[in-house]
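Order of the sequence lines sets the chain letters (A, B, ...), proteins ahead of strands, with each chain counted from 1.
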Amino acid sequence: MASSQELPKNYDFAEVEERWRSTWRDEDHYFDRNSKKPQFVIDTPPPYPTGNFHIGNALNWCYIDFFARYKRMKGFNVMFPQGWDCHGLPTEVKVEELNNITKNDVSREEFRRLCRELTEKNIGLMRITLRKMAFSTDWSNEYVTMQPKYYGKTQLSFLRMLASGYIYQSEHPVNYCTRCETAIAFAEVAYDDRETQLNYFDFDGVEIATTRPELLAACVAIAVHPDDGRYRELKGRTMKVPLFGHNVPVVLDEAVDPAFGSGAVMICTFGDKQDVHWWKQHNLALRKAIDRQGRMTEIAGKYKGLNTTECRTAILAEMKTQDILKRQEKLAQRVGACWRCKTPIEILSERQWFVKIKPKEIADAAHQISWYPEHMLRRMENWVDQMEWDWCISRQRIFATPIPVWFCKKCGEMTVPEDKDLPVDPTQVSPKHPCKKCGSTEFNGEVDVLDTWMDSSISVLNVTGWDGSGTPPFFPAQIRPQGHDIIRTWAFYTILRSVALTGQKPWNEILVNGMVLGEDGFKMSKSRGNIIVPEEIVSKYGADALRQWGAMGAATGSDIMFNWNDVVAASRFQTKMWNITKFALIQLEKEGFEPEAQITALADRWLLVRLSDTVEQVSNALEAYQFDVALKAIREFAWDVLADNYIELVKGRLYKSDESRKGACLALHTAFDALCRLLAPFTPYFAEECYSHLSPGNSVHKQPWVAFTYDDDAARLEGNLLVQVVAEVRKYKHDAGLALNAPLGKVTIYAPHTVNDEGDTGRTLNADVHWRTDVAKLDRVITGIDFNRSAIGPTFRKQAQAFMAAITTLSPEQLANPPKTIMLEGTETAVPENTFTPKYSYMEEGAQVDVITVGDVILTIAKA
RNA sequence: GGGCUUGUGGUCUAGUUGGUUAUGACGUCGCCCUUACACGGCGGAGGUCACCGGUUCGAAUCCGGUCAGGCCCA
């Protein structure tokens, strides 16, 4: 045990956190592939390397670290990997911005190099934050999706799913961002409210309303509702498209809303998802009026080359000139936009690569996983239920995993590389063998690349050791922690890919965390100016305080508002604990503690039984990932039970030097040691610092989880009563205008059992305290009745109110000595025990006394 | 429009297998510098548990409806 002289008066979190950070060793957190311990593999989220580890990430990582550390102490072989999901548009856009270029200004290889460099730099910055926050990362299992080692696996997974028929290519309408010049998946479409114009114009004699006149050139049909009387004569007709002159059929479809616009609608390829639906349903022609850059094609005739906005203006002007534009109305509309750049998406028909979505397979696997909180499973079910199109995985970008296939220049046959040649970039190298079909050696490498989710959806396969064959050695992982915002993407795609590649669910459990909102209750955003970054909190109050905020801010799974108050409260708890530490160490080093000492005093037994209760509560809460419940129980035990009550009770005994001191020291040591361990997962720096003084040279993080149990129901009951007695006397002093340490004279406590308090009560109250078990000789006056409703209700049901009314009418003598039966609504009814207690006030004969009752206990305080 | 979710003192929050006086933090008011701690201790004030109705002897808790917020989707 360290000398308490060494303990500084104040806890300096900056100094302590820095010191332990430079002392701890990474190897202590490595997953042991040869261990006999049960495994606990965590499929951690690989963040996008923006350079800033934001507070939402911090919350998620806090949760991960809490249970990673807990599971290690419980004897599990824990893997807490750290991944980086590198590929994708934001980095490409950033590189274009920083270098003032576009992706077409330099070679693909050069552009990729710039992206890799920026990503490396950003990862470096984020690693620093991770270390500051004391996450027990397994750095031997770090993975970076842009490195060949990883994207080789992405390519291997692509080839496996291509071979098994999950992946195919086809021409199909896809969501397309014309700014990013790439196809995107439905999961990447965000919807925005906009106000637009609904234009009514004359279409070959019929009035049509459209929000997108620029698509007139792509019009392939007119649709009306089959029962709409206004258009009965249109059936079977073809109509001439204004301005462009091509003929289109009229189709009947029940999905047309006769109340919207004029009730007649033009179908274009493609204005929206509904157009795609009708186009398929009625086997219509395909007219591509917009190209990949968002410009009008030849089909648009003289409008060719204009962008869609320019084209819309031009066509509306032309309609006015020809006097076919009737009127315009404002219309509130929801527009799909690219979630990265907010540009409204177009639906273009392109040759793309797709992954087949098999909803039942995914739903079945999702149901085999335990969801925390449970209701998050609903979100997955809803998403699975409404999937209409397959997953479009090809992107027309550069910084991403290349699609590893070639096409024969002569015959078009597809060639794929062998496993051992992965990773490959088919635009840089050629196949090793000539075309199987025609023998040609001329190939075109696929220039499309893969959706980033193709990388990250195999994170679990990567960390569990997948090599392309069968089930990986550590599969499935024990848990997936992630936010509810990416259930429809990361969770969905991961389940899909695990089932496709291994036939099994990816994890046993999934823990879903909420979103972090700003102090004003809104989502954090630059425009609101309510962004708080983890670094700021760490520098002001320390990582441990931030971690406590993460645990306590809200129940697991619900959104959590950032709140400086909670951080300050967390920091104050550490101050309190630090003072407890100083007190404990000073007392323990005085004469040392004896592990074999006898625990006999009520206060000591009470402390231990309350500790035992706390350990059980905290352990149960952690098993259920209820971090708020766990930390709250720890704080309550430390602050309320140990500091405010136990220490105050036994102080006098500790200042003495006799046998009764030893029990208190043992109890104090036991509680303090346990507290350090309980706090270790939550506040790793602080717990380590405290423990290092109790047990120099040993790390609390290498200790087993607390296994302390102490069974003593009587101590819990009587100790709680003792604490209440002390509180009541304090209140009595307060009400009497006395200082809390003012001497009180003779106090007699009539308790139902013999209490061995070793004089604690008397010293605490500064009074001459006498415990007695006989009946107080007092005159008592009944002032009321306490009913025990939880006993009365089940017994009397509908007669409960009547029963209580009847008891109220009894005389004081009868209340003191209740009759066996009572008349209730004309029936003689038994009076059960424990249904009520008379409320007494007492007068002691011959002496002026004040009387306090606490449950079964009666106190008399002699008046001075 | 649909699904999920939430509504508790001034603010944030616990509590929903129905049961005596609804938890804690911050703030606020009063007393106290008692040899671990004034970054502390003790005590107080402050709530029709969103609203309406139902079930029940008894509802913050269960059921139905209304209003309001959040998220996801159409």
Side-chain angles (χ1 to χ4, degrees), chain A residues 4 7 9-11 186-187 189-191 272-274 334 336 373-383 385-388 483-488 514-515 517 519 521-523 541 552-555 557-587 626 628-629 632-633 635-636 639-640 642-645 647-648 651-652 654-655 726-727 729-742 763-764 766 785-804 835-837:
Chain A
S4 57
L7 297 186
K9 180 167 166 51
N10 294 316
Y11 179 73
F186 263 108
V189 178
Y191 292 86
D272 58 21
K273 217 169 140 186
Q274 183 63 48
R334 228 136 196 237
E374 227 174 313
H375 70 255
M376 293 295 177
L377 171 60
R378 277 284 122 66
R379 297 205 183 181
M380 175 63 77
E381 289 175 332
N382 291 344
W383 180 246
D385 282 350
Q386 54 95 63
M387 293 303 307
E388 285 185 43
H484 61 63
D485 55 333
I486 48 174
I487 287 175
R488 64 183 174 136
M515 300 291 108
L517 308 174
E519 271 203 296
F522 291 98
K523 210 168 172 173
Y541 293 95
M552 294 275 282
S558 41
D559 289 349
I560 170 171
M561 227 185 276
F562 179 74
N563 187 352
W564 281 108
N565 269 344
D566 290 347
V567 179
V568 173
S571 160
R572 281 197 196 155
F573 171 65
Q574 284 166 206
T575 303
K576 188 70 182 180
M577 260 309 287
W578 184 244
N579 283 303
I580 293 171
T581 304
K582 283 194 291 179
F583 180 83
L585 293 175
I586 289 168
Q587 298 309 323
Q626 296 174 322
D628 57 329
V629 174
K632 199 167 286 181
R635 279 200 199 174
E636 191 186 317
W639 206 317
D640 186 50
L642 178 60
D644 290 348
N645 286 302
I647 288 180
E648 292 305 325
K651 247 179 190 173
L654 287 166
Y655 294 155
V726 170
V729 176
R730 279 176 181 156
K731 197 195 277 186
Y732 172 85
K733 283 187 173 182
H734 182 267
D735 292 345
L738 298 168
L740 290 183
N741 58 345
R763 283 184 297 269
T764 302
N766 194 12
I785 304 161
D786 278 330
F787 288 106
N788 182 358
R789 282 161 221 272
S790 56
I792 295 169
T795 310
F796 290 95
R797 296 283 156 190
K798 285 183 191 291
Q799 291 183 311
Q801 303 289 2
F803 173 75
M804 290 191 278
T835 48
F836 66 94
T837 325

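For the pair Lys798(A) and rC57(B), the criterion of a side-chain N or O lying under 4.0 Å from OP1 or OP2 is met. Considering only side-chain N and O atoms, Arg572(A) lies under 4.0 angstrom from the phosphate OP1 or OP2 of rC26(B). In this structure, Tyr655(A) reaches the rA36(B) phosphate: one of its side-chain N or O atoms is under 4.0 Å from OP1 or OP2. Put simply, Trp639(A) has no side-chain N or O that comes within less than 4.0 Å of OP1 or OP2 on rC37(B). The phosphate of rG44(B) (OP1 or OP2) has a side-chain N or O of Lys731(A) nearer than 4.0 angstrom.
Nearest nucleotide to the side chain of Lys632(A), out of rC39(B), rG19(B), rA14(B): rA14(B). When distances are taken from the side chain of Phe583(A) to each of rC42(B), rC57(B), rA36(B), the shortest belongs to rA36(B).
If you measure from atom CD of Gln801(A) to atom P of rG58(B), you get 7 Å, rounded to the nearest angstrom. Computed from coordinates, the Trp578(A) CH2 to rC37(B) P distance equals 14 Å when rounded to whole Å. Atom C1' of nucleotide rC37(B) and atom CG of Leu642(A) are separated by 13 Å, given to the nearest angstrom. Residue Asn382(A) contributes atom CG, which lies 10 Å from atom P of rU5(B) at whole-angstrom precision.
Thr835(A) and Ala791(A) get closest at one heavy-atom pair: CG2-CB, 4.5 Å.
In this structure, Trp578(A) and Tyr11(A) have tilted ring planes: the angle between them lies in the 30° to 60° band.
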